[in-house]
Amino acid sequence: MIKTIEWKNNAIKIIDQTKLPLKLKYLYIKDLRTLWHAIRRMQIRGAPALGVAAALGVYLGIRDLRTKNFSDFCKELDSVTRYISTARPTARNLFWALERICSIAVTNRYKPIKTIKKLIFREAQKIIDEDKIVCRKIGVFGEKLIKNGSSILTICNTGALATVDYGTALGAIYRAKERGKKIKIYVCETRPLLQGSRLTAWELKKNGIDTILITDNMAATLMQEGKIDLVIAGADRIAANGDSANKIGTYNLAVLATYHKIPFYIAAPTSTFDFNLRSGRDIPIEQRNPKEVTHLFFKQSIAPAGTKVYNPAFDVTPHKLITAIITEKGIITPPYERNIRFRLRGKGL
Ligand code: MRU
């Protein structure tokens, strides 16, 4: 598996995902501003990968601070984390990682600043190592839902490129392949930025998986023709009641799957859950540049000049349409509010 993000040569090394599938180009990010833009431009993307980028980004932002005083250090740390948190609003993992790194500083406040910096770096590395394990666990649970001979529909990119090196929804698919199951994956191209065709088709092909690319508006026909056995998608943020935000178009697939009586699964790590939000109505949805719709990757607009655009990057699938949520702690089925609390937070039924 490729490594999407790591710490190398004193910098954050990422695959520049805007260049795929034409070029496999690596970037070495050495300062906070460049990291912020890499996140905003989606050179690095996908909820778990954004968590790692945020954690390493904090280290980039504080490593050269000269202060030896904890309260000054804390002010700087706060401004670094606030800055990173403005890069993209929806993926819970980004905020989860920032909170985790900040709590390391607070817990170790009586230690020298030099030590706190080292501990922050160590925590970011821990997040990287954990992501690899968590994704493989999601793969193990998810694979159980995939029968030999299945045709699976997916959207966006939830694979190695969205995590450190394996994937969530695609992790289940990789695991099924490792277990010798014969599977076929239909990939929605995922307008407007084409993560499906540029990234998912690229990584699935690279891993020898039978992959068929479709445009997003073909999903209904495929289901009507009986070509889809199950749908698996990822998530950027899951509310306490199971409502799940993911790439725009995921909700369409859930509605279609329900109508056609096809199971619809969400795969995501615990770090994607936001227990502070009661329902999906509260999930912040990123609005992106209209040019992504009008220009796509062309220099000239493919719409008449001045056309108004609505470009939300994510939608929310109501929990009622989700057959099960696959996490590293097991498969969660309805009733979600109760079962999420029980499975992920260990709180009584
Ligand atoms: O805008 P993107 O490409 O960052 O959106 C990514 C997705 O919607 C993924 O499905 C989600 O982050 C889960 S990745 C394991």
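Start at 1 and go down the list; that is how both ligands and their atoms are numbered. The structure displayed is predicted, hence computed values, not measured ones. In what follows, residues are counted from 1 in the order of the sequence shown.
Between E6 and K3 there is a salt bridge, since a side-chain N of the basic residue sits under 4.0 Å from a carboxylate O of the acidic one. Under 4.0 Å is where a charged nitrogen must lie from a carboxylate oxygen, and between D282 and R278 no such pair does.
Close contacts between ligand 1 and A47 involve ligand atoms 12 (O), 14 (S) [criterion: under 4.0 Å to a heavy atom]. Atom numbering of ligand 1 starts at 1 in the shown order; those under 4.0 Å from a heavy atom of M42 are 1 (O), 2 (P), 3 (O). Counting atoms of ligand 1 from 1 in the listed order, those under 4.0 Å from a heavy atom of K247 are 1 (O), 2 (P), 5 (O), 8 (O). Residue-ligand proximity, G46 to ligand 1, at heavy-atom distances under 4.0 Å covers atoms 4 (O), 12 (O). Atoms of ligand 1 lying under 4.0 Å from at least one heavy atom of C156, given by number and element, are 3 (O), 5 (O), 6 (C), 7 (C), 8 (O). Atoms of ligand 1 found under 4.0 Å from any heavy atom of A162, numbered from 1 in the order shown, are 14 (S), 15 (C).
Contacts between Q195 and ligand 1 below 4.0 angstrom, taking non-hydrogen atoms only, involve the side chain exclusively. At a heavy-atom distance under 4.0 Å, no atom of A49 approaches ligand 1.
The cationic group of R92 does not satisfy the cation-pi geometry with F273, failing either the under 6.0 Å distance to the six-membered ring centre or the 45° limit from the ring axis. Under the 6.0 Å distance and 45° angle rule, R345 counts as a cation-pi partner of F275.
Closest to atom 9 (C) of ligand 1, if we only count protein heavy atoms, is N246 OD1, 3.4 Å. Of the protein's non-hydrogen atoms, A235 O, 3.4 Å is the one closest to atom 13 (C) of ligand 1. With respect to atom 15 (C) of ligand 1, the closest heavy atom belonging to the protein is T168 OG1, 3.1 Å. Residue, atom and distance of the protein heavy atom nearest to atom 3 (O) of ligand 1 are R45 NE, 2.5 Å. Of all protein heavy atoms, the one lying nearest to atom 7 (C) of ligand 1 is D236 OD1, 3.2 Å.
Heavy atoms of other residues, nucleotides or ligands lying less than 6.0 angstrom from OH of Y336 number more than 12. Within a 6.0 Å radius of NZ in K13, more than 12 heavy atoms belonging to other residues, nucleotides or ligands are found. In K117, the NZ atom is crowded: over 12 heavy atoms of neighbouring residues, nucleotides or ligands sit closer than 6.0 Å. The number of heavy-atom neighbours closer than 6.0 Å to CZ of R63, taken from other residues, nucleotides and ligands shown, is above 12.
Between A313 and ligand 1 there is no heavy-atom distance shorter than 4.0 Å. Using a non-hydrogen distance threshold of 4.0 Å, R88 registers as a contact of ligand 1. Residue contact check for ligand 1: P48 places a non-hydrogen atom closer than 4.0 Å to it.
The hydrophobic clustering, which links ILVMFWY residues whose side-chain heavy atoms are closer than 4.5 Å, places Y59 and I113 together.
The side chain to side chain contact (heavy atoms under 4.5 Å, CB included) with R191 is formed by just one residue from the set L296, N217, I248; it is L296.
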